[in-house]
Amino acid sequence: MIMDLIKERALEKSPFCVGLDLIMDQIPTEITKGFEKKSDMLFAYAKEAIDISREYAACYKVQIACYEAEGLDGMKAYSDILSYIRSLDEIVIGDVKRGDIGSTAGLYAKGHFTGDFESDIVTLSPYMGKDAISPYFKYFEKGKGAFVLGKTSNEGSLDFQDLRIGNETLYERVLNKIKEWSKELDVQSEYSPIGAVVGVNEAKELKRLKETTKGIYLLIPGYGAQGASIEDIRELIYENKNGVVNVSRGYTAGLSDSSDFRKELKERAQRLSKELIGCIK
Ligand SMILES: O=c1ccn([C@@H]2O[C@H](COP(=O)(O)O)[C@@H](O)[C@H]2O)c(=O)[nH]1
């Protein structure tokens, strides 16, 4: 199943999940000068970032907002980037954070697990409950997966996710629900196709978080630009080796305008993967 495959790649290469949050005005001139259309510029930049990081990365995460912000041109690039990553037999996460009533969720599932915007895994919001998640289940049987927002990396995660409901916090309730839903799927592998997004930035009790996330495969954002500590990430996943760490701006933002950007991408990919390998080995 898909989460076992990510784990395999993380152990083989590193738990670096390359975040492709590409912003138009940060694309090196070295690239933009060769194209007229925004879609071609975005794709060309993504291709460089993918090709350079491939030997170090467990998977890729493409943030749909970056492409939606550029309209149809951006969405063409989003589609091209997803299919390029899939054509390389690499794993791609569509960071779309969907969550809506069942009938609508079914359409989102079709839209992001088949056709022009097909990814291997999507990110989902659990706020609307099980019927907003279950329409994705039939795609899990075909090898797809989802990372459901558990404890997010932003400061605002404290507003609702840390609220207590009896003996647990709201995010712990979500993580326990993920385990419950996973049991309903006929999972023959170590990890269920339902994983969780868990950031350590605002996590107060890492020991508890580690306990609750045991048995769930994790997508961990917040390292790099958001300042999550590598020690905390290590504490969370070292024993169970159950997570990949997303770095977006820390890999692709603020590069040189000249052809030096390729050297910089390579150095960053090497450094990040080396740092992150220490979280699981
Ligand atoms: O809790 C969350 C959930 C998702 N994200 C997303 O991850 C990347 C992080 O980008 P960086 O540049 O590495 O900070 C971005 O796409 C977010 O939307 C998150 O940060 N936290």
Side-chain angles (χ1 to χ4, degrees), residues 3 6 10 15-21 23 58-59 61-66 93-99 121-129 132-133 146-181 191 194-253 272 275-276 278-280:
M3 298 302 170
I6 297 200
F16 177 25
C17 168
V18 173
L20 295 169
D21 293 43
I23 309 289
C59 57
K61 180 176 88 61
V62 190
Q63 173 52 262
I64 197 170
C66 300
I93 303 163
D95 194 354
V96 297
K97 296 193 185 67
R98 299 297 139 126
I121 303 176
V122 291
T123 54
L124 299 177
S125 163
Y127 196 71
M128 290 179 73
I133 307 289
F147 283 114
V148 173
L149 298 178
K151 170 71 177 160
T152 59
S153 63
N154 58 323
E155 202 185 331
S157 73
L158 301 170
D159 291 348
F160 304 127
Q161 295 163 23
D162 279 36
L163 294 179
R164 295 202 85 80
I165 312 161
N167 286 334
E168 58 187 0
T169 57
L170 177 58
Y171 76 78
E172 284 173 319
R173 174 72 63 95
V174 170
L175 294 168
N176 287 324
K177 278 285 171 200
I178 290 175
K179 290 181 194 164
E180 204 180 295
W181 298 334
Y191 289 99
I194 317 179
V197 175
V198 170
V200 292
N201 309 49
E202 301 296 334
K204 301 277 172 263
E205 301 165 75
L206 265 187
K207 234 179 172 174
R208 242 178 112 142
L209 188 61
K210 184 171 157 186
E211 198 48 43
T212 329
T213 52
K214 213 168 160 183
I216 304 178
Y217 204 78
L218 307 176
L219 171 62
I220 305 166
Y223 187 56
Q226 297 176 55
S229 116
I230 192 98
E231 290 78 22
D232 288 350
I233 297 174
R234 188 173 191 274
E235 165 81 32
L236 183 68
I237 59 170
Y238 184 74
E239 277 160 45
N240 302 311
K241 309 186 188 321
N242 60 329
V244 281
V245 182
N246 177 82
V247 181
S248 301
R249 287 167 291 180
Y251 177 52
T252 59
L272 287 164
E275 285 166 5
L276 296 171
C279 294
I280 57 167

Is it true that a side-chain atom of Lys151 and a backbone atom of Ala196 form a donor plus acceptor pair closer than 3.5 Å? no
Flag for Gln226-Ser153: side-chain donor and acceptor within less than 3.5 Å: yes
Take Val198 and Tyr171, measure what side chain to side chain contact (heavy atoms under 4.5 Å, CB included) needs, and give me the verdict at the end. CA-CA 9 Å; Val198 170; Tyr171 76 78; over 6 Å; no
In the structure I gave you, are the side-chain heavy atoms of Thr169 and Gln161 within less than 4.5 Å of one another anywhere? no
What are the two closest heavy atoms between Ile133 and Pro126, and how far apart are they? CD1-CA, 4.2 Å
So how far is it from Asp159 CG to Glu202 CD, rounded to the nearest 0.5 Å? 10.0 Å
Does some side-chain heavy atom of Leu272 sit less than 4.5 Å from a side-chain heavy atom of Tyr223? yes
Geometric class of the Tyr251/Phe16 ring pair [parallel <30°, tilted 30-60°, perpendicular >60°]: perpendicular
Straight-line distance of Leu218 CG to Ile233 CD1, nearest 0.5 Å: 11.0 Å
Give the ring-plane orientation class for Tyr191 versus Tyr217, where under 30° counts as parallel, over 60° as perpendicular and anything between as tilted. perpendicular
Validation row: Leu276, Ile230 side chains within 4.5 angstrom (heavy atoms): yes
CG of Leu175 to CG of Leu170: how many Å apart, nearest 0.5 Å? 9.5 Å
Please report the interatomic distance CD1(Ile194) to CD1(Ile178), rounded to the nearest 0.5 Å. 7.0 Å
Whether Thr252 side chain and Arg249 backbone form a donor-acceptor pair below 3.5 Å: no
Are Val244 and Leu219 close enough that some pair of their side-chain heavy atoms sits under 4.5 Å apart? yes
Tyr127 versus Leu149: any side-chain heavy-atom pair under 4.5 Å? no
dist Thr213:OG1 -> Asn240:CG (nearest 0.5 Å) comes out at 7.5 Å
Considering non-hydrogen atoms only, spot the tightest contact between Ala203 and Leu206 and give its length. CB-CD2, 4.5 Å
Residues in side chain to side chain donor-acceptor pair (under 3.5 Å) with Arg98, at least two apart? none
Flag if over 12 foreign heavy atoms under 6.0 Å of CD, Glu239: no
Treating Lys241 as the side-chain partner and Ile280 as the backbone partner, does any N or O pair qualify as donor plus acceptor under 3.5 Å? yes
Take a 6.0 Å sphere around NZ of Lys207 and say whether it holds more than 12 heavy atoms from other residues, nucleotides or ligands. no
Full working for side chain to side chain contact (heavy atoms under 4.5 Å, CB included) between Glu275 and Arg234: CA-CA 10 Å; Glu275 285 166 5; Arg234 188 173 191 274; over 6 Å; no
Note, Asn242 side chain near Met3 side chain (heavy atom, < 4.5 Å): no
Glu211/Arg208 under salt bridge (Lys or Arg N to Asp or Glu O under 4.0 Å): CA gap, chis, key distance, verdict: CA-CA 5 Å; Glu211 198 48 43; Arg208 242 178 112 142; over 6 Å; no
Neighbour count >12 (heavy atoms, 6.0 Å) for atom NZ, Lys179: yes
Is a side-chain donor-acceptor pair under 3.5 Å present for Thr123 with Asp95? yes
Nearest 0.5 angstrom please: Ile165 CD1 to Arg173 CZ, how far? 4.5 Å
Any side-chain heavy-atom pair from Asn167 and Glu172 closer than 4.5 angstrom? no
Given the options Val62, Leu20, Ile121, Val122, Ile93 meets side-chain contact (heavy atoms from CB on, under 4.5 Å) only with Ile121
